[in-house]
Amino acid sequence: MPDAAASFRFVDLFAGVGGFHAALKAFGGACVYAVEIDPAAAKVYRRNWGHDPLGDITEDADLDRGLMNVPAHDVLTAGFPCQPFSKSGAQRGMDETRGTLFWNIASIIEARRPKVVLLENVRNLAGPRHRHEWQVIIETLRDLGYRVSDVPAVFSPHLLPPWRGGRPQVRERVFITATHNPQGIGSDIPVYPVAGSSDEIDGWDPRLEWHLDDLLDDTHVVEGCGLTDTERLWIDAWDEWVRTWYEASQGRRPPGFPIWADSWTDYDRVINYFGYVPSAWDLKADDPELPDWKAGHLAKNYALYDAHRTWIDKWAQRFGVYTDAFPPSRRKLEWQAQDTPRLWDTVMHFRPSGIRAKRPTYLPALVAITQTSIIGPRERRLSPRETARLQGLPDWFDFGDQRPSATYRQMGNGVNVGAVWHIMREHVARDEDILKRSAAGRRILHAVQSAPMSPDGVLDRMRPAYQG
């Protein structure tokens, strides 16, 4: 662990259970303030880090009322609320109340001028629907005297090899990293993002080299991780569909478009109407209001059923696919598992749009809603402990007696520790010329540059005495 004398001070805003805290503490930083409005997450944070973060940032950082209860610090971190920008929400950005919380962050930055600012949000923040919000954030930081890139740093922990703190989770997030630079040092040099989603690190190929077995541990399985009889019925049915497809198609992988059983019930009517299997163009010409995506899916499913209806009808009858046992969302299979031979050999999600299947290498992003990954070969869901491992938290990290659903939600809302570690290292390397010119910058430089390549070993040795 870095020399305690070289420690920098950090604040942890919208702290969750402390993903940022884990990374910065492993760098040798000292937390001087943390805030989290959710009582359950704040309780877990206090249990593991010894700080009570429960509170409301809007009360502690309101310059209009002359309030600034956030102490001086060197590094500011904030995983500010992502719902205003997430594809799963209404995407109203700063028009939504939660979106304006960035201004509370800006108030703290204006009052305290931390040397480094590290913000995290969903990838969609830098998407076309939020171009205005993105520019407001970047221009605000520049107006406050910070060096920051126009181009977002988009990064996922699955891109990092395990010896750098990586994890088998595709979790693309936007990081905004900024250094206080009132003298404008290097202002004539382009500012590039500190990471990218196409980065190749140490020759690591995440498509080939991740193995989920390194993460999984059946000793941590708790009640609720198992599958119900109904869920097994859905998987068994689509598993047989996949295996029969391989036989009927002479080894060709299942199609990549959503396989939609409900569309097949309309096949006879459509054929009688058109006199042939219609294309997407035919369907659109007949119904101009039909969305392009739906016309495409329907046309492909009509053609699929036309070629395979003999065995598909037998399959549907055998499993009762069109009975109440199969709600509409379970009559659709999204196959993204390439040449995997069986559905039971994949990683699955039960989504509102259908059952999504992926290769059992790295996992999709943890989410805060009930879509916990099902590990087909283990015939169960990920355990809460395994989701914590996916976020880079050490095995001593303790969630107390809270329900697993709360842990799943907190991990879905959290930031990955290894990703923060990597982003911080790359940011310090990029802005070294600025950082070395101030005492705060030198403290940060020393701590980060003298730290190991991964936070894992440091965190493993850090089990706090106040847990219990």
Side-chain angles (χ1 to χ4, degrees), residues 1-10 12 17-31 48-50 73-77 79 115-116 118 120 153 155-169 171 173 175 177 179 193-196 199-206 209-211 214-215 217 362 385 388-398 414-433 435-436 440-465 467:
M1 185 173 176
D3 185 352
S7 290
F8 55 89
R9 299 161 299 173
F10 70 89
D12 193 4
V17 301
F20 275 114
H21 190 120
L24 296 190
K25 188 173 179 67
F27 273 128
C31 182
N48 288 278
W49 305 120
H73 53 279
D74 304 315
V75 178
L76 178 148
T77 69
K115 196 63 187 176
V116 170
L118 180 55
E120 179 259 359
F155 195 69
S156 171
H158 83 290
L159 299 173
L160 277 174
W163 57 87
R164 282 179 173 260
R167 292 294 188 273
Q169 180 190 185
R171 189 179 187 82
R173 290 297 186 268
F175 289 89
T177 69
T179 299
V194 298
D199 287 358
E200 183 175 312
I201 299 168
D202 292 355
W204 176 257
D205 187 344
E209 299 184 70
W210 277 118
H211 302 286
D214 297 337
L215 170 89
D217 184 351
Y362 43 75
R385 173 58 54 202
R389 289 178 178 178
L390 273 180
Q391 290 293 49
L393 293 169
D395 277 355
W396 56 254
F397 197 87
D398 183 13
V415 64
N416 180 271
V417 178
V420 173
W421 185 268
H422 177 71
I423 293 293
M424 186 68 174
R425 287 180 65 92
E426 295 300 303
H427 176 78
V428 164
R430 187 194 73 184
D431 286 0
E432 180 176 359
D433 283 350
L435 291 169
K436 67 185 180 183
R442 288 192 293 273
R443 287 196 296 270
I444 296 167
L445 269 175
H446 178 82
V448 174
Q449 291 179 342
S450 61
M453 295 301 291
S454 167
D456 292 341
V458 182
L459 287 170
D460 287 343
R461 297 189 296 271
M462 198 184 285
R463 182 167 189 159
Q467 215 177 50

Specify the closest pair of heavy atoms between [X] and [Y], including all atoms of both residues, with the distance to one decimal.
| X | Y | result |
| --- | --- | --- |
| Pro394 | Asp460 | CB-OD1, 3.9 Å |
| His158 | Trp210 | O-NE1, 2.9 Å |
| Ile423 | Ala195 | CD1-CB, 3.6 Å |
| Ser7 | Arg443 | O-CD, 3.4 Å |
| Ser454 | Pro162 | OG-O, 4.3 Å |
| Val420 | Ala23 | CG1-CB, 3.6 Å |

inquiry  = Please enumerate all residues that pass salt bridge (charged side-chain N to carboxylate O under 4.0 Å, His left out) together with Arg425, with sequence neighbours excluded.
reply    =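 Salt bridge (charged side-chain N to carboxylate O under 4.0 Å, His left out) check on Arg425 returns nothing, list empty.
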query = Among all residues two or more places apart in sequence or in another chain, which pass the salt bridge (charged side-chain N to carboxylate O under 4.0 Å, His left out) test with Arg164?
reply =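 Once residues adjacent in sequence are excluded, the partners of Arg164 under the salt bridge (charged side-chain N to carboxylate O under 4.0 Å, His left out) criterion are Asp202.
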inquiry  = Let's go through Arg167 and Asp456 carefully: what are the C-alpha distance in whole Å and the side-chain angles of both, what is the deciding distance for salt bridge (charged side-chain N to carboxylate O under 4.0 Å, His left out) to 0.1 Å, and is it a yes or a no?
reply    = CA-CA 11 Å; Arg167 292 294 188 273; Asp456 292 341; 3.1 Å; yes
Rounded at 0.5 Å granularity, tell me how far [atom1] in [X] sits from [atom2] in [Y].
| X | Y | atom1 | atom2 | result |
| --- | --- | --- | --- | --- |
| Leu118 | Phe175 | CG | CZ | 6.5 Å |
| Gln169 | Leu215 | CD | CG | 9.5 Å |
| Arg430 | Thr177 | CZ | OG1 | 4.5 Å |
| Phe155 | Leu160 | CZ | CG | 3.5 Å |
| Trp204 | Asp199 | CH2 | CG | 15.5 Å |
| Leu435 | Gln449 | CG | CD | 8.5 Å |

query = Among Val448, Val194, Thr77, which one satisfies side-chain contact (heavy atoms from CB on, under 4.5 Å) with Met424?
reply = Val448
Verify, without hydrogens or angle tests, whether [X] (side chain) and [Y] (backbone) share a donor-acceptor contact under 3.5 angstrom.
| X | Y | answer |
| --- | --- | --- |
| Asp74 | Gly441 | no |
| Glu120 | Val415 | no |
| Arg442 | Lys436 | yes |
| Trp421 | Gly165 | no |

request  = Report yes if the side chains of Cys31 and Leu24 come closer than 4.5 Å at any heavy-atom pair, otherwise no.
outcome  =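 Counting from C-beta outward, Cys31 and Leu24 never come under 4.5 Å.
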ask   = Using 30° and 60° as the class limits, which term best fits the ring planes of Trp396 and Trp49: parallel, tilted or perpendicular?
value =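 Trp396 and Trp49: perpendicular rings.
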request  = Take Leu445 and Val428 through the side chain to side chain contact (heavy atoms under 4.5 Å, CB included) test and state the conclusion after the steps.
outcome  = CA-CA 7 Å; Leu445 269 175; Val428 164; 3.2 Å; yes
request  = Flag the pair Asp217 and Arg385 as a salt bridge only when some basic side-chain nitrogen lies within less than 4.0 angstrom of an acidic carboxylate oxygen.
outcome  = no
Residues Asp214, Arg389: salt bridge by 4.0 Å N-O rule =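 No salt bridge links Asp214 with Arg389.
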ask   = Between Asn48 and Asp398, is a side chain to side chain contact (heavy atoms under 4.5 Å, CB included) present by the stated rule, with each step listed?
value = CA-CA 7 Å; Asn48 288 278; Asp398 183 13; 3.9 Å; yes
query = Ring centroid separation for His446 and Phe8, is it under 6.0 angstrom?
reply =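 Between Phe8 and His446, which both carry aromatic rings, the centre distance is not below 6.0 Å.
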request  = Just do the side chain to side chain contact (heavy atoms under 4.5 Å, CB included) check on His427 and Ile444 with the steps written out, would you?
outcome  = CA-CA 11 Å; His427 176 78; Ile444 296 167; over 6 Å; no
message = Using the rule given for side chain to side chain contact (heavy atoms under 4.5 Å, CB included), can you reason through Ile201 versus His422, listing the C-alpha separation, both sets of side-chain angles and the distance that settles it, and then say yes or no?
response = CA-CA 11 Å; Ile201 299 168; His422 177 71; 3.8 Å; yes
